[in-house]
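Below is one structure, written out as structure tokens; the observations come after it.
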Amino acid sequence: MTALATERSAAPGWAQSLDAGALGPVLAHIEYAHTGDGDWATAHRLAAATVAAPISSDPATTGLFHGAPAVAFTLNTAGPGAYQRALAVLDQHVADLTRHRLEAAHARIDAGRLAELREWDLINGLTGIGAHLLERHGDTQQAREVLAYLVRLTEPVTVNGEQLPGWWSVNGPSDTPSPRWPGGHANFGIAHGIAGPLALLSSAMRRGITVAGQPEAIERICAWLDRWRSYSRARTWWPEMISRTEWSAEASHHPGPQRPSWCYGTPGLARAQQLAGLALADPRRQRAAEDALLSCVRDPVQLFDLSDATLCHGWAGLLLTTWRAAADAADDRLAAELPRLAARFDQHLHRAGMPAETGLLEGTTGIDLVRHTTATEPPTRWDACLLLAG
């Protein structure tokens with residue numbers, strides 16, 4: 001690849017989507033080439049196709065799963081020396097995008113307005129961009145600026161005389177105004193909620209990348225999650241989100257655990273808190289997170305709620321999250337569950353078959369990649385885009 005076209009106003013396109021588009025297969029084939037289960041010629045051919053058309057760097061529509069950051073993250077997994085010319089161009093566009101997004105975010109906070117999820121979440125926001133920056137460049141000034149912004153995001157805000165967490169969303173869960181969510185909501189999940197910033201802040205701290213207030217920010221998020229943690233019959237869980245009414249009443253309407261998904265369920269939340277415990281050298285918190293995940297994977301009622309095989313909210317996501325958590329766990333209890341989870345995953349696929357979609361998060365690419373990854377030690381950190389790699 002000798003040139004890379006960019007445009008700031010491109011509509012979302014399949015070629016530059018890491019979620020449901022072409023970048024998922026590129027990511028997978030790079031992984032397969034690294035392990036010798038695929039060839040680099042196929043990976044290069046697919047990668048070249050993704051940069052043949054203009055790549056968006058529009059601040060309003062791009063993030064880790066679409067546009068320039070998504071393409072850069074994917075190509076970067078090929079390793080040092082690969083795609084250098086393309087990545088050099090992408091680096092500049094991602095830097096400009098990050099600067100724009102940070103300026104807008106700080107201006108919003110300065111004005112005393114509540115956030116939208118897309119400002120800061122993993123899929124669309126600065127958490128995802130920060131995850132890419134750390135994977136691509138490690139400890140840089142701009143990566144630290146993203147971490148500093150996330151620290152600021154955790155500081156409480158006062159709206160109409162009521163104190164709210166700084167990440168409170170002005171919108172409903174779809175990130176648009178909704179009469180069903182007057183006063184907005186607080187989102188817990190790792191994909192669109194506060195578990196995402198927690199995982200990123202913690203992962204960076206484990207790598208020795210720390211900005212002022214970072215340990216305190218991790219503690220604030222953990223204290224929030226402690227406040228909303230529920231217990232019942234040896235189960236531990238958190239709500240996916242809470243409304244302003246639930247916040248004021250200090251009580252969630254969720255009667256029990258939701259499906260055990262990576263995106264919103266106990267697995268993603270437990271992994272984020274395990275990373276926090278490791279970052280803070282807090283074995284009590286680490287153990288509590290591992291206990292929560294263990295109770296989830298051993299609970300037949302929760303496992304029954306898994307109705308598909310996908311990475312985002314199905315068996316693949318549960319298996320990969322548990323696999324990553326087991327590798328960092330204080331004991332082998334989670335590791336002992338992996339063969340049974342893998343067997344259940346295979347049984348589901350045998351019974352229900354593969355989904356019709358081909359994407360990474362909700363399609364066959366993610367399923368195949370998880371089965372491959374959990375069977376072989378991955379040389380890349382491709383699941384850093386899920387904040388699981390730690």
Side-chain angles (χ1 to χ4, degrees), residues 27 30-31 34 63-64 69-70 72-82 87 90-91 94-95 98 101-102 120-122 125-154 190-191 194-222 225 262 268-283 285-287 289-290 293 320-321 323-330 373 377-390:
L27 188 71
I30 289 174
E31 180 69 18
H34 272 298
L64 179 56
F73 177 88
T74 302
L75 297 184
N76 187 61
T77 63
L87 281 167
L90 287 164
D91 284 345
V94 172
T98 306
R101 297 286 290 268
L102 284 169
W120 56 265
D121 73 1
L122 171 64
L126 280 161
T127 296
I129 292 171
H132 164 65
L133 292 174
L134 288 175
E135 289 303 305
R136 172 74 178 135
H137 303 294
D139 189 357
T140 63
Q141 178 61 32
Q142 194 161 65
R144 286 176 171 269
E145 289 172 1
V146 173
L147 296 175
Y149 154 73
L150 292 176
V151 169
R152 193 180 185 195
L153 184 74
T154 70
I190 199 167
I194 195 57
L198 177 62
L200 183 64
L201 289 166
S202 301
S203 296
M205 190 170 173
R206 290 185 72 196
R207 296 165 67 174
I209 306 172
T210 307
V211 298
Q214 188 169 335
E216 293 80 6
I218 293 171
E219 292 278 13
R220 276 194 292 273
I221 300 171
C222 287
L225 294 173
W262 161 77
L269 279 155
R271 175 59 171 163
Q273 291 172 86
Q274 181 196 38
L275 292 171
L278 291 164
L280 297 172
D282 182 347
R285 184 165 297 284
Q286 179 186 346
R287 175 74 179 218
E290 291 165 8
L293 181 54
L320 182 64
T321 305
W323 184 79
R324 278 296 192 186
D328 286 324
T373 297
E377 187 65 28
T380 76
R381 288 167 49 88
W382 72 265
D383 55 335
C385 67
L386 308 172
L387 294 176
L388 293 179

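These numbers come from a predicted model, not from an experiment.
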With side-chain contact (heavy atoms from CB on, under 4.5 Å) as the criterion, how do Val94 and Arg136 come out once you've worked through the C-alpha distance, each side chain's angles and the decisive distance to 0.1 Å? CA-CA 11 Å; Val94 172; Arg136 172 74 178 135; over 6 Å; no
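- Residue pairs meeting the salt bridge (charged side-chain N to carboxylate O under 4.0 Å, His left out) criterion with at least one member in residues 138-154, sequence neighbours excluded, are Asp110-Arg152, Asp139-Arg144.
- With sequence neighbours excluded, the residues forming a side-chain contact (heavy atoms from CB on, under 4.5 Å) with Ala325 are Arg271, Gln274, Leu293, Leu334, listed by chain and number.
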Would Leu150 and Gln214 count as a side-chain contact (heavy atoms from CB on, under 4.5 Å) if you check the C-alpha gap in whole Å, the side-chain angles of each, and the deciding distance to 0.1 Å? CA-CA 9 Å; Leu150 292 176; Gln214 188 169 335; over 6 Å; no
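- Counting only heavy atoms from C-beta outward, the side chains of Ser203 and Leu387 never approach each other to under 4.5 Å.
- A 4.5 Å side-chain heavy-atom check between Met205 and Leu280 finds at least one atom pair inside the cut-off.
- Applying the side-chain contact (heavy atoms from CB on, under 4.5 Å) test to Ser202 and every residue at least two apart in sequence or in another chain returns Leu198, Ile218, Leu275, Ala276, Ala279.
- Looking only at distances, no side-chain donor or acceptor of Glu219 sits under 3.5 Å from a matching main-chain atom of Pro215.
- Residue pairs meeting the salt bridge (charged side-chain N to carboxylate O under 4.0 Å, His left out) criterion with at least one partner in residues 194-204, sequence neighbours excluded, are absent.
- For the residue pair Ala217 and Thr154, the shortest heavy atom distance occurs at CB-OG1, 3.5 Å.
- For residues 378-387, the salt bridge (charged side-chain N to carboxylate O under 4.0 Å, His left out) pairs, not counting sequence neighbours, are Glu135-Arg381, Arg324-Asp383.
- With values rounded to the nearest 0.5 angstrom, Thr127 atom OG1 is found 7.5 Å from Leu201 atom CG.
- Distance alone, capped at 3.5 Å, is enough to place a donor-acceptor pair between the His34 side chain and the Thr77 backbone.
- Expressed to the nearest 0.5 Å, how far CD1 of Ile190 lies from OG1 of Thr321 amounts to 7.0 Å.
- In this structure, the side chains of Leu27 and Phe73 come closer than 4.5 Å at one or more pairs of heavy atoms.
- Taking 4.5 Å as the limit, some side-chain heavy atom of Val151 sits within range of a side-chain heavy atom of Arg220.
- Remark: Trp382 engages Thr373 in a side chain to side chain donor-acceptor pair (under 3.5 Å) (not counting sequence neighbours).
- Here Arg101 pairs with nothing under the side chain to side chain donor-acceptor pair (under 3.5 Å) rule; sequence neighbours left out.
- In plain terms, the two heavy atoms of Ala195 and Leu269 that are nearest each other are CB-CD2, 3.7 Å.
- Across all non-hydrogen atoms, the minimal contact from Ala204 to Leu147 is CB-CD1, 3.8 Å.
- Atom CG of residue Leu134 and atom CD1 of residue Ile129 lie 12.0 Å apart, to the nearest 0.5 angstrom.
- For Arg206, the salt bridge (charged side-chain N to carboxylate O under 4.0 Å, His left out) test picks out Asp328, with sequence neighbours left out.
- For the side-chain contact (heavy atoms from CB on, under 4.5 Å) test, residues two or more places apart in sequence or in another chain that qualify with Ala70 are Leu18, Leu23.
- Closest approach of Ala289 and Ala270 over heavy atoms only: CB-O, 3.4 Å.
- Contact of the Leu126 side chain with the Leu153 side chain is not registered, since no non-hydrogen atoms from C-beta on lie closer than 4.5 Å.
- Atom NE2 of His132 is separated from atom NE2 of His137 by 5.5 Å, given to the nearest 0.5 angstrom.
- Every side chain to side chain donor-acceptor pair (under 3.5 Å) that Glu31 has, sequence neighbours left out, goes to Thr380.
- Residues satisfying the side-chain contact (heavy atoms from CB on, under 4.5 Å) test with Ala78, not counting sequence neighbours, are Ile30, Trp40, Ala82, Tyr83.
- Gly138 and Ala143 make their closest contact through O-CB, 3.8 Å (heavy atoms, listed as atom of the first residue, atom of the second, distance).
- Within the 4.5 Å cutoff, no side-chain heavy atoms of Leu225 are placed close to those of Cys222.
- The shortest side-chain heavy-atom distance between Trp262 and Leu386 falls under the 4.5 Å cut-off.
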